[in-house]
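The next block holds one structure in the form of structure tokens; read it before the comments.
What you see is a predicted model; the values in this text were computed from it and never measured.
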Amino acid sequence: MKLWRGGRLATLAGDSGWGLIEDGAMLVEGGLLRWVGPTADAPAAEEVVNLHGALVTPGLVDCHTHLVYGGNRANEFEQRLHGASYADIARAGGGIRSTVAATRAASEAELLADATKRAQALIREGVTTVEVKSGYGLDAATEARMLRVARQLTGLDVRTTYLAAHALPPEFSDADAYIAAVCDWLPALHAQGLVDAVDAFCEHIAFSPAQVARVFDAAQQLNLPFKLHAEQLSDQGGAALAASYRALSCDHLEYLSPAGVQAMAQAGTVAVLLPGAFYALKETKLPPVAALREAGVAIAIATDHNPGSSPTLSPLLMLNMACVLFGLTPEEALRGLTVNGARALGLADRGQLVPGQRADFCLWDGAHPRELAACFGHNPLIKRVRGGE
């Protein structure tokens with residue numbers, strides 16, 4: 001047993017509030033938090049670590065990333081500055097399709113080397129759990145290669161998501177035929193232990209709700225949970241569809257309707273907001289944060305790291321952007337990158353500093369957790385602990 005004592009603990013216990021313990025301690029055994037409370041009441045332990053007043057929060061959970069891919073799309077950044085929209089670039093063969101070409105051309109070793117660098121950047125800012133999507137292969141072999149690479153990332157817990165329904169690849173002219181292929185590839189990938197959840201892009205430049213429903217039906221037969229890229233560029237009714245399947249999360253949500261909000265609330269589906277993509281694409285349509293709050297929908301935030309629309313690798317910057325751009329409070333933002341990020345992945349064993357949870361936590365140079373959201377452009381992380389180590 002190891003006792004970590006003398007820190008300012010932001011436990012995030014319960015459904016609201018910081019859960020602050022000004023002079024707090026945590027007893028860790030077997031990778032789990034066994035006791036959390038005031039240092040004065042701490043039990044004896046074989047080993048004691050003095051936190052010297054450091055701020056302690058749960059480890060960060062980045063619940064929406066595309067870490068594995070080849071190439072980059074900095075050229076599209078310039079195109080958007082000259083007036084091209086995300087949809088314009090996609091229709092011209094750029095966007096996801098350009099990354100697909102680069103990813104297909106990359107070896108597994110090359111993809112792993114690049115993804116490892118990106119994962120290390122997240123680790124350096126306190127991420128202990130990350131979700132990694134496929135979706136830049138769009139054929140059976142490359143989708144499998146991406147998922148294998150994600151499984152090989154070390155230093156954090158990885159949850160893999162099958163996102164072959166991301167875009168129509170160049171060798172297909174019929175979206176329905178491609179969706180049939182996406183459904184056909186899934187059982188073998190699942191049998192290889194490569195898939196934790198299934199996602200799709202429901203949008204006018206991607207796939208319709210009816211096509212997404214076919215993918216969800218295939219996942220349901222394998223007892224796999226669902227996520228959905230929904231209502232990013234237009235209201236396609238994707239969130240309501242996903243909620244009807246009791247999806248873990250719907251992500252983006254700038255064009256989410258009141259009906260979609262209510263459907264998510266009734267299903268317990270988490271709203272994952274992605275301020276990096278909103279910022280990079282210079283969007284102006286804000287996600288309906290007030291309506292989500294009023295309906296009691298849990299709000300998560302994530303980096304959405306990808307080569308085109310959100311090339312950030314800074315979860316701390318996302319805390320700030322979620323507050324400045326979307327109007328979240330600092331507490332909501334931190335909950336979004338911890339306990340609600342975990343919920344968006346179907347994980348109930350992390351995200352808070354309470355007994356029984358995984359001993360995933362971060363030590364920060366700061367006096368109050370609000371500082372993590374208020375400041376940007378520097379990294380106050382002192383130490384990251386995962387599973388007690």
Side-chain angles (χ1 to χ4, degrees), residues 60-69 72-81 85-87 89-90 95-96 99 114-115 117-127 129-133 135-136 156 161 163 166 199 201 203 227-233 249-256 270-287 289 292 299-328 330 332-338 340-341 344-345 372-379:
L60 304 186
V61 179
D62 194 352
C63 67
H64 182 133
T65 84
H66 306 254
L67 282 188
V68 179
Y69 58 86
N72 73 74
R73 297 193 343 235
N75 62 313
E76 294 179 10
F77 174 71
E78 288 189 300
Q79 291 175 42
R80 290 196 299 272
L81 292 176
S85 71
Y86 182 84
I89 292 168
I96 293 168
T99 299
D114 288 343
K117 293 176 184 177
R118 298 171 193 134
Q120 288 297 319
L122 296 179
I123 287 170
R124 287 193 293 271
E125 289 202 4
V127 172
T129 299
V130 67
E131 183 253 21
V132 181
K133 302 179 190 293
Y136 291 130
L156 31 60
T161 299
L163 180 59
H166 198 192
D199 195 353
F201 189 16
E203 193 52 76
K227 300 168 70 67
L228 188 66
H229 284 60
E231 273 73 277
Q232 180 185 8
L233 307 174
S249 74
C250 291
D251 304 29
H252 287 291
L253 300 177
E254 283 87 341
Y255 287 82
L256 179 64
V270 177
V272 180
L273 306 185
L274 304 171
F278 181 91
Y279 168 81
L281 296 177
K282 299 174 70 174
E283 296 289 354
T284 57
K285 176 74 171 176
L286 290 164
V289 170
L292 291 168
I299 297 174
I301 64 171
T303 62
D304 187 19
H305 174 79
N306 72 76
S309 64
S310 187
T312 182
L313 284 164
S314 176
L316 295 176
L317 180 58
M318 296 306 96
L319 288 176
N320 179 268
M321 284 188 173
C323 296
V324 173
L325 299 178
F326 293 162
L328 269 63
E332 286 175 324
L334 186 59
R335 283 183 175 272
L337 205 49
T338 52
N340 288 342
L345 299 178
L372 298 177
C375 301
F376 61 94
H378 69 282
N379 184 359

Taking the side chain as every heavy atom from C-beta outward, state whether Ile96 and Tyr136 have any pair of such atoms under 4.5 Å apart. yes
Residues at least two apart in sequence or cross-chain that pass salt bridge (Lys or Arg N to Asp or Glu O under 4.0 Å) with Glu76, listed by chain then number, are Arg73
side-chain contact (heavy atoms from CB on, under 4.5 Å) partners of Leu313, counting only residues at least two apart: Leu67, Arg118, Ala121, Leu122, His305
Apply side-chain contact (heavy atoms from CB on, under 4.5 Å) to the pair His229 and Leu163, showing each step before the final yes or no. CA-CA 10 Å; His229 284 60; Leu163 180 59; 3.8 Å; yes
Less than 4.5 Å apart, any side-chain heavy atom of Cys250 and any of Glu231? no
Would you check if Asp62 and Leu156 make a side-chain contact, meaning some heavy-atom pair closer than 4.5 Å? no
Main-chain N/O of Glu131 paired to Thr65 side chain as donor or acceptor, under 3.5 Å: yes
Spatial distance of atom CG (Leu316) from atom CE (Met321) [nearest 0.5 Å]: 12.0 Å
Could you tell me which residues satisfy salt bridge (Lys or Arg N to Asp or Glu O under 4.0 Å) with Asp199, sequence neighbours excluded, listed by chain and number? Lys133
Rounded to the nearest 0.5 Å, what separation is found between the OG atom of Ser309 and the CD1 atom of Ile89? 10.5 Å
Which one of Asn306, Asp251, Thr161 satisfies the side chain to side chain donor-acceptor pair (under 3.5 Å) criterion with His64? Asp251
Residue pair Leu334 / Leu60, side-chain heavy-atom distance below 4.5 Å: yes
Positive for side chain to side chain contact (heavy atoms under 4.5 Å, CB included) with His252, one of Gln232, Glu203, Glu283: Gln232
Compare every heavy atom of Pro307 with every heavy atom of Thr99, then report the nearest pair and how far apart it is. OG1-CG, 3.5 Å
Can you sort out the partners of Ala87 under side-chain contact (heavy atoms from CB on, under 4.5 Å), two or more places apart, ordered by chain and number? Ser85, Arg91, His204, Ile205
With side chains defined as the heavy atoms from C-beta onward, is the minimum distance between Val272 and Cys63 less than 4.5 Å? yes
Checking Phe326 now: which residues fulfil side-chain contact (heavy atoms from CB on, under 4.5 Å) with it, not counting sequence neighbours? Leu273, Pro275, Phe278, Leu286, Pro287, Val289, Leu328
Separation between NZ (Lys285) and CG (Leu256), nearest 0.5 Å, reads 9.5 Å
How long is the gap from CE on Met318 to CG on Leu274, to the nearest 0.5 Å? 9.5 Å
Would Lys227 and Leu345 count as a side-chain contact (heavy atoms from CB on, under 4.5 Å) here? Give the steps. CA-CA 9 Å; Lys227 300 168 70 67; Leu345 299 178; 4.0 Å; yes
Mutual orientation of the aromatic rings belonging to His166 and His66 [parallel < 30°, tilted 30-60°, perpendicular > 60°]: parallel
Of all the heavy-atom pairs spanning Asp304 and Ala277, show the shortest one and how long it is. OD2-CB, 3.6 Å
Heavy-atom closest pair (Leu292 atom, Ala271 atom, distance to 0.1 Å) is CD1-CB, 3.9 Å
Could you work out, with salt bridge (Lys or Arg N to Asp or Glu O under 4.0 Å) as the rule, every residue matching Glu332, not counting sequence neighbours? Arg293
